[in-house]
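Each chain gets a letter, A, B and so on, in the order the sequences are listed, and its residues count up from 1. Because the structure is predicted, anything quoted here is derived from the model rather than measured.
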Amino acid sequence: MATLFQGLPSSTAFSSSNKFNHAPAPTSFSERKSSIVTVRSDARWSPVLNSATHKPQRLITNAVATKADSSLASTSSKPGHELLLFEALREGLEEEMERDPCVCVMGEDVGHYGGSYKVTKGLATKFGDLRVLDTPIAENSFTGMGIGAAMTGLRPIIEGMNMGFLLLAFNQISNNCGMLHYTSGGQFKIPVVIRGPGGVGRQLGAEHSQRLESYFQSIPGIQMVACSTPYNAKGLMKAAIRSENPVILFEHVLLYNLKDRIPDEEYVLSLEEAEMVRPGEHVTILTYSRMRYHVMQAAKTLVNKGYDPEVIDIRSLKPFDLHTIGKSVKKTHRVLIVEECMRTGGIGASLTAAITENFNDDLDAPIVCLSSQDVPTPYAGTLEEWTVVQPAQIVTAVEQLCQ
Amino acid sequence: MWISKTIFNHFKSRLNFTPNYAPLSLLSPRRFASTIAQNPSTFNSIHDANQQVIDFPGGTVKFIPEMRFISETSPKRIPCYRVLDDDGQPLANNFVQVSEEVAVRMYSNMVTLQIMDTIFYEAQRQGRISFYATTIGEEAINIASAAALTREDVIFPQYREPGPLLWRGFTLQEIAHQCFSNKYDNGKGRQMPIHYGSNKHNYFTVASTVATQVPHAVGAAYSLKMDKKDACSITYFGDGGSSEGDFHAALNFAAVMEAPVIFLCRNNGWAISTPTSDQFRSDGVVVKGQAYGVRSIRVDGNDALAIYNAVQAAREMAISEERPVLIEALTYRVGHHSTSDDSTKYRPANEIEWWRLARDPVARFRKWIERNGWWNDMAESELRNSLRQQLLHSIQVAENIEKPPIEDIFNDVYDVPPSNLREQEQWVKDTIKKHPLDYPENISA
């Protein structure tokens, strides 16, 4: 897939929260371009589009943020170091593996190959084949293996090459991983982390574009988090590994090459907290993972039109951080949820229910939820794009909500 | 694994080719050998007494000009290892002797299991517990396998193996608590009867799902290996369980990972109403071992000494050679699948009776220990009476104990109950306070 930067008219950062403005973002187009553009999976370079010449009316979408996301909540004055999101995941993983010898990784091609998305690159050489285990192709069974190992004292991180493949592991995840701590009367704990890339990529086909958070959200006994920036990726990875509960960490295929600056010193984030991306007054926009970037792009347009959206990356998909969300709803009284899940039974559906139940009196308008349609993700690029919520739709929804 | 080592050594000596790689760690020889195989320039087909040979990934294979299909069956079935005949007489003297103490303990536990099953089954029929599944006919597998292991070996049961728990000291009272799911159940009333689990006995909680425990055992073995413990894991499953995908993947994994795990299949002929002829068309389960590169043996499951010998040997191999072992114990499920089943609907009653009486593993072992002078009729009736009393008492006690408190609905879902669960708990408690008559008395709110 390509993570191609396509030029935005303005070269400034996304509207940043005033609190976190610090070092000016790189302003030149070429500078940004060189840090993000990658080769497409079909090995062709996509021409750098001056898309104005192509389809003048189309709001150009950008899957990936382009520079230092100012939601970087690092309060440190140190410059930190720059890296890509998958490297941040690896850094978190590596630090935890160094810290605790019980931490191990298992999955397909995670060993010497370094993982399909290079999250585990170099770890097998460093920690040995036994701690970074290549498994045969049997997701249900290597998830089961991880559960057995966890019950016997290890802390495995189970990687699904693509989240969609973990559908095969549903039995072990639901009936055993989520359940055995409970059914054993608390005698056996299962501190596993199940992670992998999911979401709609660039023309990966329906089977590789699954949003498993919809299916898993009902399983009692597990926690679910979704990372979206290098900073929260590393922090959530570390928190997930240290948690005594099974945690599913959702990564997104298109966010792996996101570059950002993260602190040098160690930090661990909370698994149950949402992230305030942009404080505002008019409307609360709740989102997570890749859609955060679509929302922030729409936010730019909205600001230009005079709106003041509050953007929250919910991060914790199970349980929801109703404290942060509630505070926001009480302030703005309008909620827009932007998700990549299907309309039926997705995270948005649950979030809508949770907010309505808890904060109905604070709402001035019904909650609007923008989701993907209830269709398998088509392969054709144009069709695929229309199954994912685009910034233009977000802008329209906010305008309607704020009437 | 040995094939790759052979290629590697072969090339090392023939071609003076010293690879530049890290010291032979656990898995690198295999990796390296497979990359040699893919490189055609380092060798050509080797002539070996007129037979052509070539390296495909995975090792050398010989060519033959005839198209030969491997038959789907062998002319002979894999033979079955047994130590005692039907009359309890040793067939040979080449078995590991069991001391009087161990033998009597094994026998007592087998009788305990038998009586426990009978009484709890009756209790279910009387409506005192909701469900039960017996192990009748499989007492030898249950007890003798446990006797051959140490307390450090971790057990992953299916649901027809309470024997190892009894062997390791789980009391009949604790069994009763679990079946009645009262507040003393260490599973806190969360699972159906017979779904025992005990951390301190290294016996992992039974899950109703079939064969999911098989990969768990492999993972546990991997963990034991990483910690370099002198212990193995063992997992039990039935003939039906061997059809699940988890079984196949687990055997495969264990072989690839060289994990010290014993796979013990209780081939008792029936998966609820499905006979083995409808379950698989292979020669039972033992032949599947070799397909995955797993050493295997077929054992008479109703012969306690054969099981004891085989499991002991398997344990030694598993730990010292770091390999999985598959044991297929042939036996017969004398009881119904569970109290929800009436097996006379799908199999003849006289078949069941024949196995119950003529092939009873408990009676067979009894003959052997009696012949050794270690047991007699008086000991027998004393034991059986005492056990009956104990069991009836345990049941009575367990029946009258309170059920677990409301909090136990919400605890242990996570390590610490999150706010939404605490809210839900409060809601339940409030509802009970408002409508106390609608809720049973013996739950504490």
Side-chain angles (χ1 to χ4, degrees), chain A residues 101-102 104 106 111-112 124-125 128-131 133-154 156 168 171-172 174-176 178-189 191-192 220-223 243-246 272 318-320 322-323 354, chain B residues 22 25-28 31 154 156 185-191 195 197-200 204-209 211-227 233 235 244-250 252-254 256-257 259 404 408 411-416 418-421:
Chain A
C102 290
C104 55
M106 49 183 79
H112 292 276
T125 323
D129 284 322
L130 211 46
R131 280 184 79 187
L133 200 59
D134 276 329
T135 63
I137 306 177
E139 282 77 6
N140 201 38
S141 307
F142 66 67
T143 306
M145 223 180 93
I147 292 168
M151 291 199 286
T152 326
L154 293 186
L168 288 147
N171 186 23
Q172 289 282 358
S174 171
N175 277 323
N176 292 333
M179 226 182 253
L180 277 167
H181 184 245
Y182 185 75
T183 57
S184 69
Q187 294 183 84
F188 301 106
K189 62 181 177 138
V192 296
I222 56 157
Q223 281 187 261
S243 168
E244 298 298 302
N245 300 311
E272 292 109 19
K318 182 180 171 82
F320 293 132
L322 288 177
H323 177 74
Chain B
S25 70
L26 203 58
L27 300 171
S28 51
R31 287 186 167 278
V154 291
F156 288 84
D185 169 23
N186 63 358
K188 299 186 190 165
R190 291 163 183 161
Q191 260 294 16
H195 288 60
S198 175
N199 205 347
K200 57 182 206 232
F204 283 74
T205 305
V206 173
S208 312
T209 46
T212 52
Q213 75 280 6
V214 187
H216 293 175
V218 178
Y222 162 69
S223 172
L224 293 171
K225 185 162 114 152
M226 267 191 35
D227 288 342
S233 67
T235 178
E244 279 284 350
D246 273 347
F247 163 80
H248 300 273
N252 191 34
F253 277 51
V256 168
M257 264 138 232
D408 280 348
N411 291 337
D412 300 323
V413 180
Y414 296 97
D415 54 348
V416 168
S419 61
N420 64 325
L421 287 188

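- Residue B/Ala207 touches chain A through its side chain alone, counting heavy-atom pairs closer than 4.5 Å.
- Within the 4.5 Å cutoff, side-chain heavy atoms of A/Met151 are placed close to those of B/His216.
- Heavy atoms of B/Phe247 lying under 4.5 Å from chain A are absent altogether.
- For A/Met106, the part lying near chain B is the side chain, with the backbone staying farther off; criterion is any non-hydrogen pair under 4.5 Å.
- For B/Asp408, the part sitting under 4.5 Å from any heavy atom of chain A is the backbone (N, CA, C, O) and nothing else.
- Here the side chains of B/Tyr222 and A/Cys104 are in contact, with some heavy-atom distance below 4.5 Å.
- B/Thr212 is not listed as a side-chain neighbour of A/Asn175, based on a closest heavy-atom distance of 4.5 Å or more.
- Remark: the A/Gln172 side chain and the B/Asp246 side chain contain an N/O donor-acceptor pair separated by less than 3.5 Å.
- Looking only at heavy-atom pairs under 4.5 Å with chain B, the residue among A/Arg131, A/Lys189, A/Met179 that has the most is A/Arg131.
- Counting heavy atoms from C-beta on, the side chains of A/Gln187 and B/Asn186 come closer than 4.5 Å.
- Contact annotation for A/Pro191: neither backbone nor side-chain heavy atoms come within less than 4.5 Å of a heavy atom of chain B.
- With contacts defined as side-chain heavy-atom distances shorter than 4.5 Å, the pair B/Asn420/A/Phe320 does not qualify.
- By number of non-hydrogen pairs under 4.5 angstrom with chain B, the leading residue of A/Thr152, A/Ile147, A/Leu322 is A/Thr152.
- Here the closest non-hydrogen pair linking B/Met257 and A/Thr135 is CE-CA, 4.2 Å.
- Residue with the most contacts toward chain A among B/Leu421, B/Leu224, B/Val218: B/Val218 (heavy-atom pairs, distance under 4.5 Å).
- Between chain B and the options A/Pro319, A/Ala150, A/Pro136, heavy-atom pairs under 4.5 Å are most frequent for A/Pro136.
- In this structure, no portion of A/Glu272 lies under 4.5 Å from any heavy atom of chain B.
- A/Leu154 has its side chain within reach of B/Met226: a pair of non-hydrogen atoms, C-beta onward, lies under 4.5 Å apart.
- Residue contact with chain A, scored on non-hydrogen atoms closer than 4.5 Å, is absent for B/Ser208.
- Put simply, the side chain of A/Tyr182 never gets that close to the backbone of B/Arg190: no donor and acceptor are under 3.5 Å apart.
- The part of A/Ile222 that comes within reach of chain B is its backbone (N, CA, C, O), which places non-hydrogen atoms under 4.5 angstrom from that chain.
- No donor-acceptor distance shorter than 3.5 angstrom exists from the side chain of B/Asp412 to the backbone of A/His181, with no hydrogens or angles considered.
- Rounded to the nearest 0.5 angstrom, B/Phe253 CZ and A/Leu133 CG are separated by 8.5 Å.
- The minimum heavy-atom distance linking B/Thr205 with A/Thr183 is given by the pair CG2-O, 3.8 Å.
- If you take OG on A/Ser141 and CD on B/Glu244, they are separated by 9.5 Å, rounding to the nearest 0.5 Å.
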